[in-house]
Amino acid sequence: MTEHVVPSDAARELFGETLPVAQRYAELLADVGVARGLIGPREVPRLWERHLMNCAVVEELIPKGADVIDLGSGAGLPGVVLAILRPDLSVTLLEPLLRRTVFLNECVELLRLDNVRVYRGRAEEVHAKLRADIVTARAVAPLPKLIGWALPLLRKGGSLLALKGERAEAELEEARHELARQRPNIADVIRVGGGKVDPATTVVRVTVTTALETGTKAAPSRSPRKPGGRKKRGRKR
Ligand SMILES: C[S@@+](CC[C@H](N)C(=O)[O-])C[C@H]1O[C@@H](n2cnc3c(N)ncnc32)[C@H](O)[C@@H]1O
């Protein structure tokens with residue numbers, strides 16, 4: 001195992017019985033991910049704390065059995081982490097760049113993630129094709145742009161969970177105009193994972209309170225699970 005990819009006790013606690021799969025993912029990021037330029041070599045020593053764990057704690061905001069789109073998944077953050085931790089979720093990794101979707105497909109296969117599909121495309125071009133209960137996004141675009149890309153993908157009552165940094169509240173203020181132009185919604189900033197990750201992960205959550213207008217309806221969502229699917233992995237809480 002790559003020396004730097006050894007999980008801390010906190011990571012062991014957080015991932016529980018799913019740790020071996022998370023560990024394999026961390027190794028893929030550290031080896032293939034770095035070799036192909038999908039993740040910077042300087043990130044390797046902090047893969048667990050800054051990347052995997054920071055993303056994992058967002059799972060507490062996601063209802064059981066939800067359809068999740070990870071918008072701008074890149075090398076799989078946070079989508080792959082959430083899929084590992086929560087086999088009950090159906091996760092679509094939405095990513096436009098071929099090099100990244102190739103890596104994502106390799107991850108799905110090597111980690112045997114039957115609850116994940118990789119979808120190559122740009123968010124703004126798939127509004128008529130994809131629908132979800134939750135859209136996650138980390139480091140993809142400024143909030144006003146992200147809102148315009150993500151909200152049309154949500155079912156009524158669904159939420160965009162945008163992982164943001166220190167400026168989350170200010171970004172939300174800057175996005176008020178765009179929020180007002182969209183379907184009715186409620187937006188707030190929440191911090192998750194306090195006591196598990198330091199600093200806690202900051203999430204801008206935007207929940208849409210109405211259904212999409214007719215004429216913008218997507219095809220029914222396809223479950224990424226294969227027929228007969230994989231056995232559920234247990235999870236220590
Ligand atoms: C800085 S990377 C972040 C990747 C990953 N979410 C992470 O946190 O490591 C931004 C990603 O968003 C993708 N992206 C950019 N514009 C997009 C769009 N319009 N729709 C979907 N994905 C997009 C890029 O291809 C890239 O992989």
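All residue numbers in this chain count up from 1 along the given sequence. Whatever order the structure lists ligands and atoms in, that order sets their numbers, starting from 1. Worth saying up front: this structure is predicted, and the values here are computed from it rather than measured.
For Thr101, there are no side chain to side chain donor-acceptor pair (under 3.5 Å) partners, not counting sequence neighbours.
Proximity to Arg138 (heavy-atom distance under 4.0 Å) selects the following atoms of ligand 1: 3 (C), 5 (C), 6 (N), 7 (C), 8 (O), 9 (O). Listed by number with element, the atoms of ligand 1 under 4.0 Å from a non-hydrogen atom of Gly74 are 4 (C), 27 (O). In summary, the atoms of ligand 1 found under 4.0 Å from a heavy atom of Ala139, numbered by their order in the structure, are 1 (C), 2 (S), 3 (C), 10 (C). Numbered from 1 in the order shown, with element, the atoms of ligand 1 that lie under 4.0 Å from a heavy atom of Leu97 read 25 (O).
Remark: Lys196 NZ to Glu60 CD distance equals 5.0 Å, nearest 0.5 Å. Interatomic distance, Met53 CE to Leu85 CG, rounded to the nearest 0.5 Å: 11.0 Å.
Proximity of Ala75 to ligand 1 is not established, as no heavy-atom distance is less than 4.0 Å.
Glu95 OE2, 2.7 Å is the protein heavy atom nearest to atom 25 (O) of ligand 1. Given atom 12 (O) of ligand 1, the protein heavy atom at minimum distance is Gly72 CA, 3.4 Å. Protein heavy atom nearest atom 16 (N) of ligand 1, with residue, atom name and distance: Arg122 NH1, 3.5 Å. Regarding atom 21 (C) of ligand 1, its nearest protein heavy-atom neighbour is Ala123 N, 3.6 Å. The protein heavy-atom contact nearest to atom 26 (C) of ligand 1 is Arg100 NH1, 3.0 Å. Considering only non-hydrogen protein atoms, atom 5 (C) of ligand 1 sits nearest to Leu77 O, 3.2 Å. At the shortest separation from atom 19 (N) of ligand 1 among protein heavy atoms lies Glu124 OE1, 2.8 Å.
In His51, neither the side chain nor the backbone holds a heavy atom less than 4.0 Å from any atom of ligand 1.
Heavy atoms from other residues, nucleotides or ligands lying under 6.0 Å from CZ of Arg176 number more than 12.
Note: no N/O pair closer than 3.5 Å links Gly121 and ligand 1 by distance alone. Between Leu94 and ligand 1, a contact under 3.5 Å exists for no N or O pair.
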